[in-house]
Amino acid sequence: MDMKTKSEKPGGKAHSRTKKEWELKPELPDSHLVSTELFTSEKIFKEEVANIWHKVWLPICHESELPEVLDYRTSGIAGNVPIVVVRGADNKIRTFLNICSHRNNIIVRSPAGSLKNAEPSGNPNHMTCMYHGWQFDATGSCVEIPREKAGYQDRICKESLGLRQIKTEVAFGGMVWINMDDSAGPLRDFIGGALDQMLEQLDTEPLEIFHYQKSRVQCNYKLFFDTSREFYHDYLHFHNRQTSMTKSGYFDQEYTQFKNGHSVSGFTTVDYTSHQGTSTRTLTMPGLPPNGWRHSTIFPAAAYNIRTSCVRVNIIMPISDRETLIEVRGFGLKRDTAEERSSREIDYCSVWGPFGWNLHEDLLCAQVQTQAIKEGSGALWNVIAREEGNKVHDEVGVRACYEEWSRLMNRSTVNP
Ligand SMILES: [Fe+2]
């Protein structure tokens, strides 16, 4: 084949494009394109909160963040709806809207994302609203209204003014999962088999959190979740290029899709010795061979990532259409010795910590994309068209995610 013929296939001679050419919709199926409107529309964001975020199961924190009876932890879900997770006297973990039944003040005021359980004012056994002193116990019952009879007589009473309880389950490595939809089915039905590959690591014995980091990022949440849904961008990560991409068999790793938009990449091992400053991981999690790696993502908000000695769970929580909270947690085994814990921390932080290799690179890309993807900038389509037989660089995981988005939103990703 001479060079001339080769350069004319399939799209003719390579050239830059005029505005008109740039704006032509690429000749790809709708499943392989995402309109940038999905990342810039406030209207779409409001619908996403109602149709996705308030309908599906979401991991919110870990049981080891509430180790003692009556410990509680605040957080915010999509659109920054305030919630509080509480461990009751019966040791059961429950979740409530962190909103007072009286005048909608936020009750428990420890900062979202704090690992310290700051007490509200008043009786530490109760959650007390600082505004008028209404008190709620760890089951969400209203137990004290100052001067109740004097002001409300028999018209309303504390027995009917409990907090709004949110469906809660603790599972898959002790994560606390919530669902805002009272009619939602069980968590296990939602997950399907998407975490089966790592159940031995997650549930053989209790995990404990040892690292927490949060980043408030100027990007649409989907742009960050996309970084969890494909591995083609391993080119971005110097550490991954050295320790994974150079290994034989890398491009043959299977990438499997599950119902409800979840994805699983196949088991593999990582060659840490080929990166200066990191070494072979001798410590492991139950059932995982040395240097083993497993990765599952749960639509629309979470990624479980196990790198031999430590489990990392990312939670991606939208604040608005253009702002996202990324929470990253590192876990070891609760029974770790001091030496084991220290070893896990070093392994974990070399990749995911604030001075590690991978996390900030993903954050940077999602944020820089957002600078270009705005109304009128000329950014029109995200192309998700790689097909490689469901292997690691196939963009099937991103497509599956937007297919699920389409189903729940009842909207096309091309003409939303
Ligand atoms: Fe990445």
Side-chain angles (χ1 to χ4, degrees), residues 46 49-50 53-54 57-170 175-184 209 212 214 216 315 317-320 325 327:
K46 279 183 185 165
V49 170
W53 292 87
H54 287 190
W57 284 97
L58 305 168
I60 198 77
C61 66
H62 189 256
E63 61 180 350
S64 65
E65 293 168 55
L66 315 122
E68 308 293 336
V69 160
L70 301 179
D71 278 349
Y72 53 76
R73 193 191 185 298
T74 58
S75 193
I77 59 163
N80 239 354
V81 174
I83 61 167
V84 58
V85 187
V86 191
R87 185 186 289 274
D90 55 0
N91 247 313
K92 189 175 170 187
I93 290 177
R94 298 175 179 85
T95 308
F96 309 99
L97 271 190
N98 188 10
I99 295 177
C100 184
S101 313
H102 180 213
R103 295 258 212 98
N104 297 304
N105 193 35
I106 291 180
I107 305 167
V108 181
R109 297 163 71 85
S110 60
S114 165
L115 277 177
K116 299 281 177 208
N117 298 321
E119 295 286 357
S121 59
N123 186 331
N125 288 317
H126 296 154
M127 298 177 277
T128 303
C129 178
M130 69 186 288
Y131 200 178
H132 302 91
W134 287 34
Q135 293 187 19
F136 303 87
D137 71 11
T139 68
S141 300
C142 182
V143 293
E144 175 63 27
I145 294 177
R147 304 192 64 247
E148 181 182 7
K149 286 285 174 197
Y152 303 113
Q153 299 85 41
D154 294 321
R155 292 172 297 127
I156 53 171
C157 61
K158 56 180 168 296
E159 286 73 16
S160 59
L161 290 167
L163 297 179
R164 147 72 155 118
Q165 188 165 168
I166 298 165
K167 268 176 107 89
T168 305
E169 290 191 31
V170 179
M175 290 302 292
V176 179
W177 295 74
I178 61 155
N179 195 314
M180 294 290 282
D181 182 358
D182 285 351
S183 65
I209 188 167
Y212 175 82
K214 64 175 174 178
R216 198 165 169 152
I315 301 174
M317 203 56 86
I319 295 168
S320 70
L325 184 73
E327 292 180 287

Quiz prompt | Contacts of Asp137 that satisfy side chain to side chain donor-acceptor pair (under 3.5 Å) - sequence neighbours left out | solution = Thr139
Self-check item: By side chain to side chain donor-acceptor pair (under 3.5 Å) - contacts of Ser160 (at least two apart)
Solution: none
Self-check item: side-chain contact (heavy atoms from CB on, under 4.5 Å) partners for Lys46, two or more places apart
Solution: none
Does the side chain of [X] reach to within under 4.5 Å of the side chain of [Y], using non-hydrogen atoms?
| X | Y | value |
| --- | --- | --- |
| His126 | Glu144 | no |
| Ile93 | Glu169 | no |
| Cys100 | Tyr131 | no |
| Thr74 | Pro82 | no |
| Asn105 | Met130 | yes |
| His54 | Val49 | yes |

Practice problem: Taking all heavy atoms of Leu70 and all of Ala138, pick out the closest pair and write down the distance. | Solution: CD2-CB, 3.8 Å
Self-check item: Taking every non-hydrogen atom, the tightest pair across Val81 and Ala78
Solution: CG2-O, 3.5 Å
Determine whether a donor-acceptor pair (N or O, by modelled atom type, separation under 3.5 Å) exists between the side chain of [X] and the backbone of [Y].
| X | Y | result |
| --- | --- | --- |
| Glu148 | Lys158 | yes |
| Asn98 | Val84 | no |
| Thr168 | Ile166 | yes |

Quiz item: When you look at Trp53 and Met180, which way does the side-chain contact (heavy atoms from CB on, under 4.5 Å) test go after all the steps?
Solution: CA-CA 8 Å; Trp53 292 87; Met180 294 290 282; over 6 Å; no
What distance do [X] atom [atom1] and [Y] atom [atom2] have between them, rounded to the nearest 0.5 Å?
| X | Y | atom1 | atom2 | answer |
| --- | --- | --- | --- | --- |
| Leu66 | Asn91 | CG | CG | 10.5 Å |
| Asn179 | Ile77 | CG | CD1 | 9.0 Å |
| Ile156 | Ser101 | CD1 | OG | 9.5 Å |
| Leu163 | Cys129 | CG | SG | 10.0 Å |
| Glu63 | Met175 | CD | CE | 10.0 Å |
| Thr95 | Gln165 | OG1 | CD | 7.5 Å |

Exercise. Before giving the answer on side-chain contact (heavy atoms from CB on, under 4.5 Å), spell out for Leu325 and Glu327 the whole-Å C-alpha distance, their side-chain angles and the decisive distance to 0.1 Å.
Key: CA-CA 6 Å; Leu325 184 73; Glu327 292 180 287; 3.9 Å; yes
Exercise. May I have the step-by-step check of side-chain contact (heavy atoms from CB on, under 4.5 Å) for Val85 and Glu65, ending in yes or no?
Key: CA-CA 10 Å; Val85 187; Glu65 293 168 55; over 6 Å; no
Quiz item: Have Ser64 and His62 got a donor and an acceptor in their side chains that come within less than 3.5 Å?
Solution: yes
Exercise. With Gln135 as reference, evaluate Ile107, Val143, Asn125 under the side-chain contact (heavy atoms from CB on, under 4.5 Å) test and give the passing residue.
Key: Val143
Quiz item: Parallel, tilted or perpendicular: which fits the ring planes of Trp134 and Tyr152, with parallel below 30° and perpendicular above 60°?
Solution: perpendicular
Quiz prompt | Over-ring placement of Arg94 relative to Phe136, 6.0 Å and 45° cut-offs | solution = no
Practice problem: Walk me through it: do Met317 and Ile60 pass the test side-chain contact (heavy atoms from CB on, under 4.5 Å)? | Solution: CA-CA 9 Å; Met317 203 56 86; Ile60 198 77; 4.0 Å; yes
